[in-house]
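For the single chain, residues carry numbers from 1 onward in sequence order.
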Amino acid sequence: MYKKINTPLIEEIVKDLRAGDTVLITGKVLTARDAAHKRMIESLNNGGKLPVDVKDQVIYYVGPCPAKPGQVVGSCGPTTSGRMDAYTPKLLEVGLKGMIGKGYRNKDVVEAMMKYHAVYFTAIGGAGALLSERVVDSKVLAYEDLGPEAIHLFTVVDFPAIVTIDMYGNNLYETERDKYKKRNY
């Protein structure tokens with residue numbers, strides 16, 4: 001059974017989410033990949049501001065394909081989250097509350113999620129065409145020169161994801177491995 005949640009991802013929602021929950025996300029979601037993350041952190045480290053306010057926001061790690069006629073966005077499957085790990089703790093410190101991607105997160109990210117109360121969602125890789133059907137609006141907000149890696153603002157309706165790491169440090173990438181090691185196939 002899915003939990004329906006809305007963005008912005010306020011503290012009350014984050015506290016209610018647990019690793020293993022399946023969710024349908026509705027609202028505004030930022031997108032950004034490696035190059036955009038690098039620029040954002042360079043800006044903060046040089047005393048500048050972020051090009052977008054990330055407080056209580058969710059960033060989807062995606063580089064969407066161009067839209068075909070009649071579509072809002074092309075295929076938009078998640079990219080490997082670990083490539084953003086070096087940048088994520090700083091974004092959590094300034095208010096980011098959620099991330100959507102795929103794959104393992106490092107210890108520094110998990111500790112920052114616990115400290116700043118954030119959640120990590122996994123979207124299903126290889127399902128980018130289906131996920132694009134949940135995006136009802138898309139516009140570029142910053143770093144347009146990065147093409148698909150620019151920061152977009154997606155409006156999503158019932159975007160499916162799994163809570164993989166919650167603010168309490170529960171992590172499906174660790175608990176599920178142990179569970180399946182114990183089975184005899």
Q | Atom of Leu131, atom of Ala123 and distance for their closest heavy-atom approach | A | CD1-CB, 4.2 Å

Q. Mind checking whether Val14 and Met113 sit in one hydrophobic cluster, side chains of I, L, V, M, F, W, Y counted as touching below 4.5 Å?
A. no

Q. When rounded to the nearest 0.5 angstrom, what distance separates CD1 in Ile100 from OG1 in Thr79?
A. 13.5 Å

**Q.** Linked, directly or transitively: Phe121 and Leu24 (ILVMFWY side chains, under 4.5 Å)
**A.** no

Q | Any donor-acceptor N/O pair, Thr155 side chain to Leu153 backbone, under 3.5 Å | A | no

Q: Determine whether Tyr120 and Ile162 fall in the same hydrophobic cluster, where Ile, Leu, Val, Met, Phe, Trp and Tyr are linked whenever their side-chain heavy atoms lie under 4.5 Å apart.
A: no

Q | Nearest-0.5 Å distance, CD1 of residue Ile5 to CG of residue Leu17 | A | 5.0 Å

Q. Where the side chain of Thr122 meets the backbone of Lys102, is there a donor-acceptor pair that is under 3.5 Å apart?
A. no

Q: Give a yes or no on whether the backbone of Val29 and the side-chain of Thr7 come within a donor-acceptor separation of less than 3.5 Å.
A: no

Q: Look at the side-chain heavy atoms of Ile, Leu, Val, Met, Phe, Trp and Tyr, link any pair under 4.5 Å apart, and say whether Ile13 and Met99 land in one connected group.
A: no

Q.
Minimum heavy-atom separation for Asn171 and Ala19, please, with both atom names.
A. N-CB, 4.4 Å

Q) Do NZ/NE/NH1/NH2 and the carboxylate oxygens of Glu11 and Lys97 come within less than 4.0 Å? A) yes

Q.
For a quick test of reading the model, state the closest non-hydrogen atom pair linking Arg105 to Thr88 and the distance between them.
A. NH2-OG1, 3.0 Å

**Q.** Derivation and outcome, side-chain contact (heavy atoms from CB on, under 4.5 Å), residues Met40 and Leu44
**A.** CA-CA 6 Å; Met40 286 191 287; Leu44 288 174; 5.8 Å; no

**Q.** Nearest non-hydrogen partners of Ile25 and Val156, listed with the distance
**A.** O-CG2, 3.4 Å

(Q) Test your reading of the model: is there a side-chain donor-acceptor pair from Thr22 to the backbone of Met1, 3.5 Å cut-off? (A) yes

**Q.** Heavy-atom side-chain proximity of Lys4 to Thr26 below 4.5 angstrom
**A.** no

Q.
Using every non-hydrogen atom in the two residues, find where Leu96 and Ala118 come nearest and quote the distance to one decimal.
A. O-CB, 4.0 Å

Q.
Could you work out, with ring-ring contact (aromatic ring centres under 6.0 Å, His included) as the rule, every residue matching Tyr61, not counting sequence neighbours?
A. His37

Q.
Within the 4.5 Å heavy-atom criterion, are Met84 and Val109 side-chain neighbours or not?
A. no

Q.
Side chains of Val23 and Pro160, heavy atoms from C-beta outward: is any pair under 4.5 Å?
A. no

(Q) If I take atom OH from residue Tyr104 and atom CG from residue Leu172, how far apart are they, to the nearest 0.5 angstrom? (A) 12.5 Å

(Q) Please evaluate residues Tyr60 and Phe159 with respect to the criterion ring pair (Phe, Tyr, Trp, His ring centres under 6.0 Å), reporting the C-alpha separation (whole Å), side-chain torsions for both, the decisive distance (0.1 Å), and the verdict. (A) CA-CA 11 Å; Tyr60 181 21; Phe159 187 94; 5.2 Å; yes

Q) For Asp85, does its backbone N or O pair with a side-chain atom of Asn106 as donor and acceptor, under 3.5 Å? A) no

Q | Of all pairs that satisfy side chain to side chain donor-acceptor pair (under 3.5 Å), the ones with a partner from residues 133-151, not counting sequence neighbours | A | Arg39-Asp145

Q.
Working to the nearest 0.5 angstrom, can you tell me the gap between Leu91 CG and Leu50 CG?
A. 6.5 Å

Q | Listed once per pair and sorted, the side chain to side chain donor-acceptor pair (under 3.5 Å) pairs that draw on residues 44-57, sequence neighbours left out | A | none

(Q) Could you measure the distance from the CE atom of Met167 to the CG atom of Asp16? Nearest 0.5 Å is fine. (A) 11.0 Å

Q | Hydrophobic cluster identity match, Leu146 and Ile41, side-chain contacts under 4.5 Å | A | yes

Q: Give the minimum heavy-atom separation between Leu141 and Leu30, together with the two atoms involved.
A: CD1-CD2, 3.6 Å

Q) Would you say Tyr168's side chain and Arg18's backbone share a donor-acceptor pair under 3.5 angstrom? A) no

Q: Run the numbers on Val110 and Ile165 for side-chain contact (heavy atoms from CB on, under 4.5 Å), then give the verdict.
A: CA-CA 8 Å; Val110 175; Ile165 305 172; 3.9 Å; yes

Q | Interatomic distance, Tyr87 atom OH to Leu92 atom CG [nearest 0.5 angstrom] | A | 15.0 Å

(Q) Is it the case that atom NZ in Lys38 sees more than 12 heavy atoms from other parts of the structure closer than 6.0 Å? (A) no

